[in-house]
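Just so you know, ligand 1 is whichever comes first in the structure, and atom 1 is the first atom listed for that ligand. Just so you know, these numbers use all the heavy atoms, side chains as well, and skip hydrogens, waters and symmetry mates. Predicted model, so just to flag it, every value in this text is computed and none were measured.
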Amino acid sequence: MKSVALLPAGSVSDEAARHFFHGETVAWKYHRLISDVFLSTVNNISDYSIIPIENTIEGSVSLHMDWLVHEVDLPIQAEWVYPSIQNLIGNQAEFLNEAGQVDFSKIKKVISHPVAMAQCLQFLNEHLPQTEREHTSSTAEAVKMVTKQPGQGIAAIGTLIAASNNGLDVMARSITDHNNNFTRFFLVGSKPYEAKQSDRVKTSILVTLPEDYPGALHQVLSAFAWRRINLSRIESRPTKKKLGNYYFYIEIEMALDTVLLPSALQEIEAIGCQVRILGSYPRFTYEQLCN
Ligand SMILES: O=C(O)C(=O)Cc1ccccc1
């Protein structure tokens, strides 16, 4: 049986994980912090870790991306997307007005994971403009914290499962600013994931440019361009070694062993760039996993 590390039960990661592993037998290892989710697989306690990596509204989850790149060396084994729907959760009785309706102005503080909070900014600005906001390590953690501090006027943003797991009320449903709100998840670990096949394969690499080489990024991109290799994402992040030094995270729409790709990577190395392969892995759409 596979063991899989992830953020706590009732988190968006938990929902997304059940969707991905539907039909497989899995031992779930829940962790409060994403660092412990990574370390569980690094220390061979789990076969894989599940990492939310990018969101339609918020973009890259920088903390998770930085862990993947700087702190661990765990290849990406699969990628899938999952729609995250957020809800305003609390003990409704705390916030009722005289007419027996929930009065949002009675909420003193809203807590949630920063990505979930960012997905609901329009709702928060419209309905809870003055309310204090605080970040937690996951949406599931936020919902649990509400039960630990009863009568303090705290509400959380989280999943319907977390509300029901903690015996709390859903005070507003589906409060994300856009319906088309998807999160991309990575499955990372040293064993290839072979239980499901996909005809769509991607390769993720990190490229560090040589210093003082004018036009280096242009040359990197042209190594892909003239071979008509499709890139679907390119992002720069600090190397953390020196202010102004960046690496480029690049997603390529083909498998690493596809004829043209190794020669493109050799060409990039020949310019003096460092190339690190983060993984070559199947990607699954939401629809593919639903069938
Ligand atoms: O906090 C959670 O529930 C997570 O799994 C992280 C997250 C938060 C918001 C959107 C996607 C993933």
K.L.:
Give the residue and atom name of whichever protein heavy atom lies nearest to atom 8 (C) of ligand 1, and the separation in Å to one decimal.
P.N.:
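Nearest neighbour among protein heavy atoms for atom 8 (C) of ligand 1, to 0.1 Å: H113 ND1, 3.7 Å.
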K.L.:
For D47, is there an ion pair with K191 - N to carboxylate O distance below 4.0 angstrom?
P.N.:
yes
K.L.:
Determine whether more than 12 heavy atoms belonging to other residues, nucleotides or ligands lie under 6.0 Å from atom CG of N125.
P.N.:
yes
K.L.:
For atom 11 (C) of ligand 1, what's the nearest protein heavy-atom neighbour? Residue, atom name and distance, please.
P.N.:
T183 OG1, 3.5 Å
K.L.:
Suppose I only count heavy atoms of V115 and a 4.0 Å limit; which atoms of ligand 1 are within that range?
P.N.:
9 (C), 10 (C)
K.L.:
Using a 4.0 Å heavy-atom cut-off, which part of E141 comes near ligand 1: side chain, backbone, both, or neither?
P.N.:
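E141 to ligand 1: no contact under 4.0 Å from either part.
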K.L.:
What I want to know is whether T139 and ligand 1 share at least one N or O pair that is separated by under 3.5 angstrom.
P.N.:
yes
K.L.:
May I ask you to check whether S13 has an N/O atom sitting below 3.5 Å from an N/O atom of ligand 1?
P.N.:
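Looking only at distances, the answer is yes, because the N/O contact criterion of under 3.5 Å is met.
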K.L.:
Heavy-atom contacts under 4.0 Å between L7 and ligand 1: side chain, backbone, both, or neither?
P.N.:
side chain
K.L.:
Does the pair E235/R237 count as a salt bridge with the N-to-O cut at 4.0 Å?
P.N.:
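The answer is no: the pair does not qualify as a salt bridge.
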K.L.:
Could you list which atoms of ligand 1 come closer than 4.0 Å to a heavy atom of S11?
P.N.:
2 (C), 3 (O), 5 (O)
K.L.:
Would you confirm whether E141, through its side chain, and S138, through its main-chain N or O, come within 3.5 Å as a donor-acceptor pair?
P.N.:
no
K.L.:
Could you check whether K196 makes a cation-pi contact with F20, meaning its NZ or CZ is under 6.0 Å from the centre of the six-membered ring and within 45° of the ring axis?
P.N.:
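Verdict for F20: a cation-pi partner in K196.
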K.L.:
Show the atoms of ligand 1 that are less than 4.0 angstrom away from any heavy atom in Q119.
P.N.:
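Counting from 1, the qualifying ligand atoms are 10 (C).
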K.L.:
Testing F185, F284, F182 one by one against W80 for a ring pair (Phe, Tyr, Trp, His ring centres under 6.0 Å), which residue passes?
P.N.:
F185
K.L.:
Is any NZ, NE, NH1 or NH2 atom of the basic residue among E253 and R283 found under 4.0 Å from an Asp or Glu carboxylate oxygen of the other?
P.N.:
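Salt bridge present between E253 and R283.
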